[in-house]
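One-based numbering, in listed order, for ligands and for the atoms of each.
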Amino acid sequence: MALLNILCYPDPRLHTVARPVQTVDARVKTLISDMRETMYVADGIGLAATQVDVHERLIVIDVSGERNAPLVLINPELTWASEEKQLNDEGCLSVPGIYDGVERSASIKVQAIDGEGQLRTIEAQGLLAVCIQHEMDHLLGKVFVEYLSPLKRNRIKTKMLKARRDTERA
Ligand code: K1U
Ligand code: ZN
């Protein structure tokens with residue numbers, strides 16, 4: 001297994017729209033293992049392939065406290081989303097250190113292929129629903145800061161660029 005490099009906002013590659021996975025073959029299974037390990041090491045509850053510069057519709061998630069219930073969503077499609085919305089604080093491994101409120105559907109249904117190639121329907125509420133919607137946005141090239149005001153987003157962009165410059169200088 002290998003740890004993958006996570007792209008940091010405002011890297012333009014984060015705005016790439018992912019294409020569907022064609023077959024769940026050995027390459028995709030290795031990518032799933034590497035993404036899962038990368039998510040656990042980074043202390044995340046989700047990771048989209050876009051974030052590791054692979055532009056295919058693949059997500060790994062684990063919202064369990066024990067970190068032992070990984071979910072794999074390949075070619076996920078939202079089949080239903082509640083009109084009821086919920087405001088939750090979100091973070092992102094591609095925007096380290098930034099947390100802010102985003103309003104999303106409180107409950108959703110998603111169809112996706114799992115890591116064994118089986119089609120599954122997932123009904124989600126709470127943190128799982130938030131995380132799935134956040135990760136599916138990544139596959140469309142959307143980062144959660146795009147829900148914030150232009151003022152906040154520009155401040156975040158400036159902070160991230162400064163952090164990158166400081167790291168490069170060190
Ligand atoms: O997409 C990602 O970068 C992963 C992201 C997922 C996410 C967290 C919170 C709300 C929506 C989506 C993270 O895991 S950020 C990591 C984090 O700080 C966190 C971990 C557990 C709960 C809440 C935040
Ligand atoms: Zn994210």
Exercise. Short list, please: which atoms of ligand 1 are under 4.0 Å from a heavy atom of Tyr99?
Worked result: 18 (O)
Exercise. Going by chain and residue number, what protein N/O/S atoms come nearer than 2.8 Å to the Zn ion (ligand 2)?
Worked result: Cys92 SG, His134 NE2, His138 NE2
For this session: Could you find the nearest protein heavy atom to atom 3 (O) of ligand 1 and give me its residue, atom name and distance?
Result: Leu93 N, 2.6 Å
Problem set entry | Under 4.0 Å to a heavy atom of Ile45 - the qualifying atoms of ligand 1, by number | 6 (C), 7 (C), 8 (C), 9 (C), 13 (C), 14 (O), 20 (C), 21 (C), 22 (C)
For this session: Give the atoms of ligand 1, by number and element, whose distance to some non-hydrogen atom of His138 is under 4.0 Å.
Result: 1 (O)
Exercise. Should Leu47 be listed as contacting ligand 1, given a heavy-atom distance under 4.0 Å as the test?
Worked result: no
For this session: Write down the atom of Ile32, the atom of Val60, and the distance for their closest heavy-atom approach.
Result: O-CG1, 4.2 Å
Problem set entry | Where ligand 1 meets Cys92 - atom numbers and elements under 4.0 angstrom, heavy-atom basis | 3 (O), 15 (S)
For this session: Tell me, yes or no, whether the heavy-atom count around Arg153 atom CZ, taken from other residues, nucleotides or ligands under 6.0 Å, exceeds 12.
Result: yes
For this session: For Gly44, take its heavy atoms, then give the atoms of ligand 1 lying under 4.0 Å from any of them.
Result: 14 (O)
Problem set entry | Donor-acceptor under 3.5 Å (Asp62 side chain, Asn68 main chain) | yes
Seminar exercise, completed: Interatomic distance, CZ@Arg104 vs CG@Asp137, rounded to 0.5 Å, equals 4.5 Å
Exercise. Under 3.5 Å, side chain of Asp34 to main-chain N/O of Leu3, donor-acceptor pair present?
Worked result: no
Problem set entry | Spatial distance of atom CE (Met35) from atom CG (Leu47) [nearest 0.5 Å] | 4.5 Å
For this session: Determine if the distance from atom 10 (C) of ligand 1 to the closest protein heavy atom is below 4.0 Å.
Result: yes
For this session: State whether the number of non-hydrogen atoms from other residues, nucleotides or ligands found under 6.0 Å of Gln22 atom CD is greater than 12.
Result: no
Exercise. In the protein, which heavy atom is nearest to atom 5 (C) of ligand 1, and how far is it?
Worked result: Gly91 O, 3.7 Å
Exercise. Can an N or O of Asp43 be found at a distance shorter than 3.5 Å from an N or O of ligand 1?
Worked result: no
Problem set entry | Side-chain donor/acceptor of Ser94 to backbone N/O of Gln51, under 3.5 Å | no
For this session: Mark yes or no for whether Glu37, through its side chain, and Ser33, through its backbone, hold a donor-acceptor pair below 3.5 Å.
Result: no
Exercise. What distance separates Lys157 NZ from Met160 CE, expressed to the nearest 0.5 Å?
Worked result: 12.0 Å
Exercise. What do you reckon, is CZ of Arg67 surrounded by more than 12 foreign heavy atoms closer than 6.0 Å?
Worked result: yes
For this session: Pick whichever of Gln133, Gln51, Met39, Glu135 has a heavy atom sitting closest to atom 6 (C) of ligand 1.
Result: Glu135
Exercise. Got the closest protein heavy atom to atom 4 (C) of ligand 1, with its distance?
Worked result: Gly46 O, 3.0 Å
Seminar exercise, completed: In short, His138 meets Ala48 closest at the heavy-atom pair CB-CB, 3.5 Å
